Structures are given as structure tokens and as C-alpha cells.
Amino acid sequence: MMRATVLVIAGVLSACASTPPPDDTSFQQPAFTPRELPMDVHSRSEPNRVRVTRVALDLTLDFEARELRGSVELGFDRFDREAPLVLDTQGLAIVDVFGQDGAPRRWKLSDEDPLLGAALSIDLAPADVAVRVVYHTTERATALQWLAPAQTADRKQPFLFTQGQSILTRTWIPLQDSPGVRITYTAALRAPPELTVVMSAEQQGRDADGVWHFRMPQAIPSYLIALAAGDLAFEKISERCGIWAEPSIAKGARDELVDTEAMIRAAEELFGPYRWGRYDIIILPPSFPFGGMENPRLTFATPTILAGDKSMVSLVAHELAHSWSGNLVTNATWRDFWLNEGFTVYCEQRIMERVFGPARSTLEKALARNDLDQEMTELEPWQQVLHIDLAGKNPDDGFSGVPYEKGALFLRRLEAVWTQPVFDRFLRGYFDGHAFQSITTDDFVQCLRNKLFVTDPAKAKLVDLDAWLEKPLLPADAPRYVSTALTDVDTERARWLAGTPAKQLATQGWVTQQWQHFIHTVPPDVSIERMVELDDAFHFTSTHNCEILCDWLVLAVRRRYLAADERLSEFLVSVGRRKFLKPLYSELAKTPEGLARARAIYAEARPRYHAVSTATVDKLLDWTP
Ligand code: BES
Ligand code: ZN
């Protein structure tokens, strides 16, 4: 893959170099000499020889055939004049390749690797600086989910959305699908006239022929190219911020997420200017496999955050924070994923604290710490490491709370040692210095040493980098949080266990996270009678709050509380968010009867889930499609 010839690339960027502010009006390439990219075991492309810098999509969204069809033009830099252009593809039908002179170019597809797909290798003419690949997607395009009208809120129109992270963009666009390779993009998209099309880019409107046009002038990694199309309405929150959603849920979604502009302001005060122009959120149908996805300018979100009481808005703080940690400064490979998510959780918590106060933020931090401690007991040692070794593995196999919470705790530890004002200055410099770059864990460590550790070598000794980054478990100095909101819950639970009826507990004003903590800490051998008592008092089985419901249903399965059975099937068939499916199906799979039930429900639900979720549940239930 990587050859000696790549040494022609000049000028390795210094770790904390400063980059001029982006110019939003012109197409922007990284404002530095392209550096040699680190080896990415999840891409077969060879960006150190010929590197794609520009992507121009021209596609038709064919809802009947459930395929995207058209072409992509790729502009590139050539570091090795002899080398072919090598792209990642997976399950794509390549039809033709042309040079910019319009003449065909010779191309070949390699063997198919089950994890990475097939490399598309294109022979370039001496003058080539761009090629056009004509192609269409197939039913193997796991990034895409095509939904029938019945799977949407309003049940009138079909829906399509994409999910690129981590290595799925290659299933709908042939390109160099590595987060180290940054590209600008444009798109011209044809769709049925009754649908609205949105992307992780500036929407430039529909032309006289009904073609939608988009442009993303800032250089982003391929996993952030995203597209959604459906019956969409827009609700404005501020000049730069609003909500896209199906018409029947748009107004409610706006009310729930109305604090988003305040969050953007808080984030700007903390981390520097928001550099992407607009910040909109699209509420997707319930099969969206994640809570949120930080597609630039347009966060994709699950409708399950619309709890009615703003209790899930930390998810917006999280996806918004990615506008700095992840989208502006990106993990160069998936082993560095914690740089994206750990920084983002840290930033999310800072935003929540500013906008909603320290009590709420401490409550969320304390709950997250409890969850991590619990999850750690179930993970293998290699999965507990921040700088995780993913060679030969799907990046998804390393997915857990570790990059998120352990990553954030590491930054909290640094903050505690250096004090918040000093750490804030470091963070600001880190974002500005690496803006629009993709960096490795080693780059981060170098920056840490050069910019923070040098300021006080005695303090530096208090942080064991090797333990934090390269070792399993949590270092003993990982910060802990005491939330009085949670200790109140502990008090009431103790009263209940000592015999006070559930209805007499002081639960007035409890928020979602308190209910979650209560359910998590119900003793594992609780009797059915007491489950009934809880349900009578608090109506868990009929709640519309998906976080509380999911935790309650896990307990219901564990205790064989049959009164929740129907609700469980209904929930699993209607919601495709992996975070909920995973604990529920795994709990069911623990007994033979439960497994049989899980398989029966899954047979019905599976066709409605996104491929990201089916990949996980297939494994849990040992399901062969
Ligand atoms: N970028 C992630 C989602 C993701 C991670 C997709 C890895 C594919 C591979 C997103 O920012 C995220 O972390 N979402 C969380 C929300 C959260 C922690 C508040 C989710 O979906 O639950
Ligand atoms: Zn995230």
C-alpha cells in the first residue's frame, strides 16, 4: 500500500501550526503543504501517491429501483506521476471512467475484501487532474436506507438517508474513504418533485429542471458527506439555525430544540468561532441507527430525542461540539476515534454547563461515569484502550463508551491538573492550530507536550499518558462526580426497599436521568409484585420517553415481567436506534425462551432496521440473513 515513492511529499506539518481562518466564499483546500498521511488500515486507497481533494456528485435518486445512479467527478493532487488513482468501493457497480478530455480511462476493480470492499484502480493520462466515474449503487449500499412511506412519521412519501461513518461512504460513492483525506464537494441531485433534498452542505436550491444543488466549500473527511430526502418542512430557530423534519413533527421538534442557538453561542465562547455557516438539525425517521450524527452544517438526529421536556438536548450539544472536535479537527484513522468522541463529550459537558447550569451537567457526568464503570466490566481489555488497535477489525467492533467517556475523563483530568482557564487556552489553540486537518493520537500527544506540558513539568508528572492512552481500565485518578440529584434518588430507593410504597416516594420533579438511575439501581432480584408496584406508581411501561422505556424494558426482560411484553415488541419493531436495540436483544438472548422471542421479533423488525443496526443484532442473535 504505502511505498517509498511517497517521500516526494514535502513539508511535514508541525503539530501545533496555525492555519489562517477559512474563507467561506471560495473553495478551500487545506492551507498547508499536504503532508504524508499515516497508514489507515481501513482504506485500500493510496492517497500518498494520488490524493483526491475535490468531489462533484451528479446523481439521480431512484426510489423505485432503490438506487443512486449517475457519476462522480474526482479532482486530485498527484505526488507520484506514475501512480494510478486508487479508490475505495464496496458493492458499487462501476460503469465507465473518463478523463477530463472526455476519453475513457483504463480501470480495474481488485478482489473484494469483505471488510474493506474492492479497490478501484484508474490509469491516469499525464495531464489528468480529474476523472469522472459513472456508476450506480446496489442493494449492498449499507450506507443508504430507503424507507417506504409507512416507515415515516407522516406515512405519505418515501424517505432516504445516508450514514457514512465509519467506512460506509464507499458503498455509495467511489472515493478515498479515509478520514485523513479531506475533500470539498458539490452535488447536483435529481429527486421526485414532491421530496426535499438536504445534504451536509450549503443547499443552493432547485434549478429550472428541478435539480437540487449543493456545495461544501470546506475540506471535510468522506464520512461526513451525507444526504437525506423526504417530505420535509423547515422551522426556523435563528438566522443561522433551524429544524428540518416531516411536517407533522416539525413544530414540536423546534420547541424541543429551541435552545440550540444558545448552545452555539456558548460553544463559540468556549472553543472559537463556528466556522460552518448554518447549523441545522434534521429529525429522521425512527429507524435512524444512531442518536445523532454530526454531518457538517446539518446534524442528523433520531426522533427519540423528542421527549417533550428537553431532557435529551445534551445530544444536540454533543453533535454541535463535533463542529470543533471531529469536523474541524478530525481523527486521521479510526484508531484515533477517541480524539473525535472524547473531546466531543468533554465539549458537550462544557456547553451543557453553560446553558443549563452545573447541576444538570454534573448529573449527566455522574450518570455517564456509572454507565462506563458498568460497561468496562463487560469489555475485553483491548476494547478498554483509548488508542485502540483495530487492525483486521471493523471500526465498529471498537465502538463502546470507552472513546467517549474515558476520553472525556482524560481531558477532565488534564483540566483538573492545569486548571480550567489554562486548559481552555490550550483547547482553543488545539482547535485553531489543527483546523481543517486530520490528526493522530501521536500528533495530539506532541501538541500536549509542546503546548501544555512544557509550561509546568511538575504538573506533567501527574498525568500518566501511557496509562490513559495505551492501557486498559481507568487510571485511579479519573475524576468522579457527585450529583445531589442522584443521591436524592439513592435516598428514595433506600426508602422504597425499606418498605415505603412507591407512590409515597418523593419523586416530584425528577428528570429523565434520575429515573434512569432509579431503574438501573433496582436490585437484580426484585420481585414481580414490586415491579407491578413501580409500574402502577410511575407508568414506566407506557412512557413515551425512550431512554426510560429502554432501561425499564431491560429490567422487565430480566425479571420476566410479562406485562411489558407487548410494549417491548412494539418498541423493537418501531425504533431502530442501535443504542436501544443492543441492550434489549442481548438481555433477551440470555435465556433460551428469550432468544426464541428475540428471533421472532427480529424476523419482523429486521427489514425496517438500517444495516448498521442489523450488523450488530445479527451477531447478538447469531442470525444468518
Ligand atoms: N459520530 C457519532 C455517531 C457514530 C459513531 C456513528 C461511530 C458511526 C460510528 C455521534 O456523534 C454520536 O456519538 N452519537 C451518539 C450521541 C451521543 C453520545 C450524545 C449516539 O448516537 O448515541
Ligand atoms: Zn459523537
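Quantities reported herein were computed from a predicted structural model and do not represent experimental measurements. By convention here, the first residue in the shown sequence is residue 1. Just so you know, ligand 1 is whichever comes first in the structure, and atom 1 is the first atom listed for that ligand.
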Looking only at the aromatic ring of each residue, does the gap between the centers of Tyr585 and Tyr602 stay below 6.0 angstrom? yes
Evaluate Glu294 for polar contact with ligand 1, using N/O atom pairs at a separation under 3.5 Å. yes
Answer yes or no: does an N/O atom from His318 fall short of 3.5 Å to an N/O atom of ligand 1? yes
Is the Phe410-Tyr346 ring centre distance short of 6.0 angstrom? no
Option of least heavy-atom distance to atom 18 (C) of ligand 1 (set: Phe580, Phe290, Phe399, Tyr404): Tyr404
Could you walk me through whether Cys347 and Leu270 pass the side chain to side chain contact (heavy atoms under 4.5 Å, CB included) check? CA-CA 9 Å; Cys347 295; Leu270 289 163; over 6 Å; no
For Glu341, is at least one N or O under 3.5 Å away from an N or O on ligand 1? yes
Give the atom name of whichever N/O/S atom in His322 sits closest to the Zn ion (ligand 2). NE2
Is any side-chain heavy atom of Leu144 closer than 4.5 Å to a side-chain heavy atom of Thr137? yes
heavy-atom search around atom 20 (C) of ligand 1 in the protein gives Gly291 N, 3.4 Å
Salt bridge (charged side-chain N to carboxylate O under 4.0 Å, His left out) assessment of Arg240 paired with Glu268: CA-CA 14 Å; Arg240 60 174 164 180; Glu268 289 190 299; 3.2 Å; yes
Give a yes or no on whether the ring-centroid distance for Phe399 and Trp334 is below 6.0 angstrom. no
List every atom of ligand 1 that sits less than 4.0 Å from any heavy atom of Arg577, numbering the atoms from 1 in the order shown and giving each element. 22 (O)
Contact atoms of ligand 1, heavy-atom distance to His322 under 4.0 Å: 11 (O)
Is any N, O or S atom of Glu341 under 2.8 Å away from the Zn ion (ligand 2)? yes
Are a donor atom and an acceptor atom from the side chains of Ser200 and Arg297 found within less than 3.5 Å of each other? no
A student checking ligand 1 against Ser166 at a 4.0 Å heavy-atom cut-off should list atoms 9 (C)
Any N/O of Glu319 closer than 3.5 Å to an N/O of ligand 1? yes
Determine whether any heavy atom of Phe337 lies closer than 4.0 Å to an atom of ligand 1. yes
Give a yes/no verdict on whether any heavy atom in Arg578 is under 4.0 Å from an atom of ligand 1. no
Sole residue of Phe426, Tyr430, Phe423, Trp324 in ring pair (Phe, Tyr, Trp, His ring centres under 6.0 Å) with Phe343: Tyr430
If you count the atoms of ligand 1 from 1 in the order shown, which ones are under 4.0 Å from a heavy atom of Gln163? 6 (C), 8 (C)
Is it the side chain (CB and beyond), the backbone, both or neither of Gln165 that lies under 4.0 Å from ligand 1, heavy atoms counted? both
Protein residue, atom and distance nearest to atom 10 (C) of ligand 1, heavy-atom basis: Gly292 O, 3.2 Å
Would you say Glu261 and Ser238 are linked by a side-chain donor-acceptor pair, where the criterion is simply a distance under 3.5 Å? yes
For this output row, return yes or no: ring centroids of Phe444 and Trp338 closer than 6.0 angstrom. yes
